[in-house]
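For reference, the structure is listed below as structure tokens.
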Amino acid sequence: MNCETGPGGGPLGNGCGPVDLDGDGDVDVLDYGRFQRIFGVTHGPLYPDRAFETEGRPDALAVGDFDGDGDLDLAVANVIGITGTPEYAYYLSIFLNSGDGLFADEVVYDIVERAQSVAVGDLDGDGDLDLAVTTSDSFPETGRVSILLNNGDGTFASEVVYEVDLAPFSIAVGDLDGDGDLDLAVASASLYFSPNSVSVLINLGDGTFARHVSYEVGRMPTSIVIGDIDCDGSLDLAVVNNFIETVSILINRGDGTFNDHVQFDVGLSPWGLSIGDVNNDGRLDLAVTNAGDDSISILINESLCFAGYGGYLAFNNEVQYSAGDHPMLPVFGDFDGDGDLDLVASTASSGPVVVLPNNGDGTFADDVAYGVSTPSFLISVGDMEGDGDLDLVFTRSIMRNNGDATFDDGVQVNVGDGASSVAMGDFDGDGDMDLAVANRFSDNVSVLQNHGDGTFSDDVQYGTGEFPRSVVIGDLDGDGDLDLAVANGSSENGPNDSVSVLLNHGDGTFADDVLYGVGDLPRSLAIGDLDSDGDLDLVIANTITDDISILLNHGDGTFADEVLLDAGDGPISVAIGDLDGDGNLDIAMINVSDDNVSVLLNLGDGTFADEVQYNVENDPWSVAIGDLDSDGDIDLAVANRGSDNVSVLLNHGDGTFADDALYDAGNFPVSLAIGDLDGDGDIDLAVTSESTTLFGLSILLNHGDGTFAEDIIYAVGGGSVAIGDLDGDGDLDLTTTNSTSVSIVLSGCVP
């Protein structure tokens, strides 16, 4: 298997897509950066396995069976800063697969400079897979390929370095001279020197290479593919030239040498390139994404091709198709099952993927855009559900094919702008769980009605106060249906700082909000009967004024003026529960600036004892409560944004707590919810993360005693998280916010 990736981990030449990492016959996906592996299952949705990290930042990734045991291992090129210096170290990490998709600790090999792409192939003809890594240094520019030969057991000899042209950017592997061994073609995209070129390194048969031969192409080649373009039985090269808006074709003379490149015009700022027979005439055509004019160019191959004879090279005039905002990588695949190649493309800035169905003759229908919760220009395809059609896979999300080249975005539902909090409840009394989402930039709350199967109607928006940040659900007026309470606030005191109460008409529609004043910058609220009078009251954490607002219910969904309680420094999240077992609801609250959690025990009448503080880790952001160790009392779980973990504080049974135990939970965890996700009778944790490099949902499964397994990562939105049975199948599903949408993760996704 010859599979390589380039800058940012994107496929750059050999058409490699998802692979079967755990040997179960399903297609898996590698997530550049943390190596998230999303495993296909025979039926139903997907579930991911654990993530693995290297010490440095990965720049390129390849897969192959390096130790010959039948499963696929990982090779990752990394860069890491040297402590106390402005210098960097560069190395290649090998992760050997233990056979079930789990990996041994990395084994590290030095490489000479920063990697741009990695290719895999049996370079020395001994039956095992070797590595070729393009490396360069920008100041001054250099150009090298490092060859690491496999010792036969998944360990590698030290690199042997070969010079190529400056700034190698993309690499492809193939038998270019027809002698049965694998040669290398490297596109070099120099920023400072002209001309740019392709370096061809011919294999001497033993994994050593002759001095490279350079072939001029256009300026700034960003992607290279290999294929028999002129039908003569030898492999030709195609290269995208970003700066001069052309594609260069280099025709193989049959011996691994190439004719001068021939250029064909494409669109503005071309970036990605894919090769395939789009009109079923036996000739390979080209698709080029043009980031500068938001289009895809299709070049139909009209070369005269006869068996055993290479005719003259000809492509018809390009046909351009609209393709979203800044299309980056094109991928061919038969998405509607009609036998011809359709086209999808990722986009750079706004995040949607565009799908262009093939009309059957090499022309394409208008593009259809589908939103992606966590945008990524890296895209791949594979049958992720085992239903026989090709799904779309991104580094951070999956779109399931309905079988007709339309894609299921029922897992993502659009809401208002700046979705920051989500809650679940049956608003219309039909027995299934609906959604309410606070949208902080559009100053409203979205209500989405469940169709009964975990798919949702378009949202209906209701105005709130300014900058709504948190929403909770409860029967506030005692009429048997669920109402909404929303905390609104910016960083300055005034009309922004309030709670909106929206009473349900009984059918899932809501009256206009009524505002109640609270402290400065309310960030979180919770709902419960604090004074034991039978109706639901509100507790609000006010971040700027370092206090808690208590709003006691009059019994009809109207509320008394706030009562303020002192809190720690920067209260940001609040939860309510009977922490000391006396039958009254107590308060647990996160103080972000103090790195602790405050516990305020209820005196029985809605007044509270002074807070007791318990230390947690850095920058705590969210708290949830539940009986985590199954001993009958309520424990605490805290998401620590600054230390990438969760603190679990077990209750002694009297409302005092043991020191926290720590569990890793993604990057910058910000929201936490609890529930029995695996159906084993104990309470598990769901934690969302908002890192700029990895939005995600971490699942921590409970061992049954309040200790937790390693986190399992889902590539979905990284905002607020809520848990409930959305599709009515009796198990718990999840939903998370993604700025202007919510992601629905149905329970089949949880192992």
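Values below: all heavy atoms of this structure, side chains included; hydrogens, waters and symmetry mates excluded.
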Would you please test Leu579 and Phe657 for side-chain contact (heavy atoms from CB on, under 4.5 Å) and show each step?
CA-CA 10 Å; Leu579 300 177; Phe657 293 84; 4.2 Å; yes
Test item: side-chain donor near acceptor, Asn640 and Glu617, under 3.5 Å
no
Donor-acceptor pair, side chain of Asp434 and main chain of Phe427, under 3.5 angstrom:
yes
Nearest heavy-atom pair of Val486 and Pro468: which atoms, and what distance?
CG1-CB, 3.5 Å
Without swapping roles, check the side chain of Asp660 against the backbone of Leu649 for a donor-acceptor pair under 3.5 Å.
no
Taking the side chain from Ser622 and the backbone from Ala639, do they hold a donor-acceptor pair closer than 3.5 Å?
no
Within-4.5 Å side-chain heavy-atom neighbours: Ser446 and Asn439:
yes
If you compare all heavy atoms of Leu538 against all heavy atoms of Ala485, which two are closest, and at what distance to 0.1 Å?
CD2-CB, 4.0 Å
From Asn651 atom CG to Thr656 atom OG1, the distance as rounded to the nearest 0.5 Å:
6.5 Å
Ile473 side chain near Leu484 side chain, heavy-atom distance below 4.5 Å:
yes
Is the side chain of Ser573 donor-acceptor paired with the backbone N or O of Ile590 at a distance under 3.5 Å, no angle test?
no
Is any side-chain heavy atom of Asp619 closer than 4.5 Å to one of Val592?
yes
Please check if atom CG in Asn618 has more than 12 non-hydrogen atoms from other residues, nucleotides or ligands closer than 6.0 Å.
yes
Do the non-hydrogen side-chain atoms of Trp621 and Ile572 ever get within less than 4.5 Å of each other?
yes
4.5 Å side-chain heavy-atom contact, Asp629 and Asp635:
yes
Using side-chain contact (heavy atoms from CB on, under 4.5 Å), reason through Asp580 and Asp586 one step at a time and then give a plain yes or no.
CA-CA 8 Å; Asp580 57 1; Asp586 310 303; 3.1 Å; yes
Is the side chain of Ser524 donor-acceptor paired with the backbone N or O of Val574 at a distance under 3.5 Å, no angle test?
yes
Say whether, by atom type as modelled, one donor and one acceptor occur between the side chain of Arg440 and the main chain of Gly418 under 3.5 angstrom.
yes
The reported gap from CG in Leu700 to OH in Tyr663 (rounded to nearest 0.5 angstrom) is 9.0 Å
A side-chain contact here means heavy atoms from C-beta on lying under 4.5 Å apart; do Pro620 and Asp595 qualify?
yes
In this structure, OG of Ser549 is separated from CD1 of Ile540 (nearest 0.5 Å) by 5.0 Å
Heavy atoms only: give me the nearest Leu672-Leu685 pair and the separation to one decimal.
CD1-CB, 4.2 Å
Specify the closest pair of heavy atoms between Gly655 and Val599, including all atoms of both residues, with the distance to one decimal.
O-CG1, 4.0 Å
What I'd like to find out is whether the side chain of Arg469 reaches to under 4.5 Å of the side chain of Leu521, using heavy atoms alone.
yes
How many angstroms lie between CZ in Phe66 and CZ in Phe156, if you round to the nearest 0.5 Å?
5.0 Å
Side chains of Asn591 and Ser598: any donor to acceptor distance under 3.5 Å?
yes
Looking only at atom types and distance, does a side-chain atom of Thr543 sit under 3.5 Å from a main-chain N or O of Pro571, one as donor and one as acceptor?
yes
I need the Asp483 CG to Leu536 CG distance, nearest 0.5 Å.
9.0 Å
Under 3.5 Å, side chain of Asp644 to main-chain N/O of Phe668, donor-acceptor pair present?
yes
So which atom in Leu448 and which in Phe456 form the shortest heavy-atom distance, rounded to 0.1 Å?
O-CD2, 3.7 Å
Are more than 12 heavy atoms from other residues, nucleotides or ligands located less than 6.0 Å from atom CG of Asp582?
yes
Drop me the distance from Ser420's OG to Arg523's CZ, to the nearest 0.5 angstrom.
8.5 Å
Under 3.5 Å donor-acceptor, Asn602 side chain and Leu585 backbone:
yes
Residue pair Val447 / Leu435, side-chain heavy-atom distance below 4.5 Å:
no
Exercise: identify the closest heavy-atom pair between Leu636 and Leu628:
O-CD1, 3.9 Å
